[in-house]
Amino acid sequence: PIAHMRFLLYAEAGGGLPPHVDLSRTDATGRTSTHTFILYLSGCAEGGETVLLESLSLGKGSVRAAVTPVRGRLLLFPHACPHLARPVVAEGLPKLLLRGEMY
């Protein structure tokens, strides 16, 4: 079976996502996804980082890693890992990525 995937396009400055965790998907055979992958299809000169967090609160020390969008970079993390997308700035447009689930 093919993993569920979708393209995400951030075409305007300010586009981002607040802290969240990803939900799992169950395929037609009953398998449940466990991880998210992000394949960056464009880079951002500034902004647009995917930030992996220790928890959903943005308290001091909660950032595990900030991943800069670089064309061809692949990021893989568990669905349960809290994360956010920092806003894209005009110099970073457009931000294009392919997001999917791993089983």
Side-chain angles (χ1 to χ4, degrees):
I2 297 175
H4 182 276
M5 295 179 276
R6 66 179 179 272
F7 291 97
L8 297 176
L9 173 64
Y10 296 83
E12 297 180 12
L17 290 171
H20 66 282
V21 295
D22 292 340
L23 299 176
S24 61
R25 292 186 179 271
T26 303
D27 70 11
T29 66
R31 294 182 313 156
T32 301
S33 64
T34 58
H35 288 72
T36 296
F37 74 81
I38 296 174
L39 176 61
Y40 298 100
L41 301 175
S42 66
C44 289
E46 191 174 333
E49 298 91 346
T50 301
V51 180
L52 304 178
L53 306 167
E54 293 285 340
S55 69
L56 286 175
S57 67
L58 288 175
K60 186 176 181 179
S62 68
V63 173
R64 286 186 178 192
V67 180
T68 301
V70 174
R71 185 174 184 225
R73 178 172 282 167
L74 179 66
L75 174 62
L76 177 69
F77 55 91
H79 288 326
C81 178
H83 59 284
L84 61 85
R86 286 189 178 144
V88 179
V89 297
E91 293 79 12
L93 292 174
K95 177 182 173 184
L96 178 63
L97 58 91
L98 180 66
R99 183 212 179 276
E101 284 81 28
M102 300 291 295
Y103 294 87

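Clustering ILVMFWY residues whenever any of their side-chain heavy atoms sit less than 4.5 angstrom apart, transitively, puts V63 in a cluster other than the one holding L75. Clustering ILVMFWY residues whenever any of their side-chain heavy atoms sit less than 4.5 angstrom apart, transitively, puts L74 in a cluster other than the one holding V67. Both L41 and L9 belong to a single network of hydrophobic side chains, linked directly or stepwise wherever heavy atoms of I, L, V, M, F, W or Y lie under 4.5 Å apart. Under the 4.5 Å side-chain heavy-atom criterion for grouping Ile, Leu, Val, Met, Phe, Trp and Tyr, V21 is not connected to M102 through any hydrophobic cluster. Note on I38 and V51: separate hydrophobic clusters, where clusters join Ile, Leu, Val, Met, Phe, Trp and Tyr whose side-chain heavy atoms are under 4.5 Å apart, directly or indirectly.
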Quick one: do E101 and D22 satisfy side chain to side chain contact (heavy atoms under 4.5 Å, CB included)? Show the steps, please.
-> CA-CA 9 Å; E101 284 81 28; D22 292 340; 6.0 Å; no
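Between Y10 and L97, some side-chain heavy-atom pair lies under the 4.5 Å cut-off. Counting only heavy atoms from C-beta outward, the side chains of L84 and P19 approach each other to under 4.5 Å.
Rounding to the nearest 0.5 Å places CZ of R31 at 13.0 Å from OG of S24. In this structure, the separation between CZ on R86 and OG1 on T50 is 10.0 Å, given to the nearest 0.5 Å. Summarising the geometry, atom CD belonging to E91 is positioned 5.0 Å from atom CD belonging to E46; distances are rounded to the nearest 0.5 Å. A distance of 5.0 Å separates CG in D27 from OH in Y103, rounded to the nearest 0.5 Å.
The local environment of CD in E12 is sparse, with at most 12 non-hydrogen atoms from other residues, nucleotides or ligands closer than 6.0 Å.
Between the side chain of S42 and the backbone N or O of P94, at least one donor-acceptor pair lies under 3.5 Å. Listed for the S62 side chain is no donor-acceptor partner under 3.5 Å among the backbone atoms of L53.
Qualifying salt bridge (Lys or Arg N to Asp or Glu O under 4.0 Å) partners for R71, counting only residues two or more places apart in sequence or in other chains: none. In this view, H20 and H83 satisfy the ring pair (Phe, Tyr, Trp, His ring centres under 6.0 Å) rule, not counting sequence neighbours.
Shown here for T36 and H79, the closest heavy-atom pair between the two residues is OG1-ND1, 2.9 Å. The shortest heavy-atom contact between P69 and G47 is CD-O, 4.1 Å. The two residues C44 and G92 make their nearest non-hydrogen contact at SG-O, 3.4 Å. Nearest approach of A90 to A13, heavy atoms of both residues: N-CB, 3.9 Å.
Cluster partners of L23 are absent, since no Ile, Leu, Val, Met, Phe, Trp or Tyr has side-chain heavy atoms less than 4.5 Å from it.
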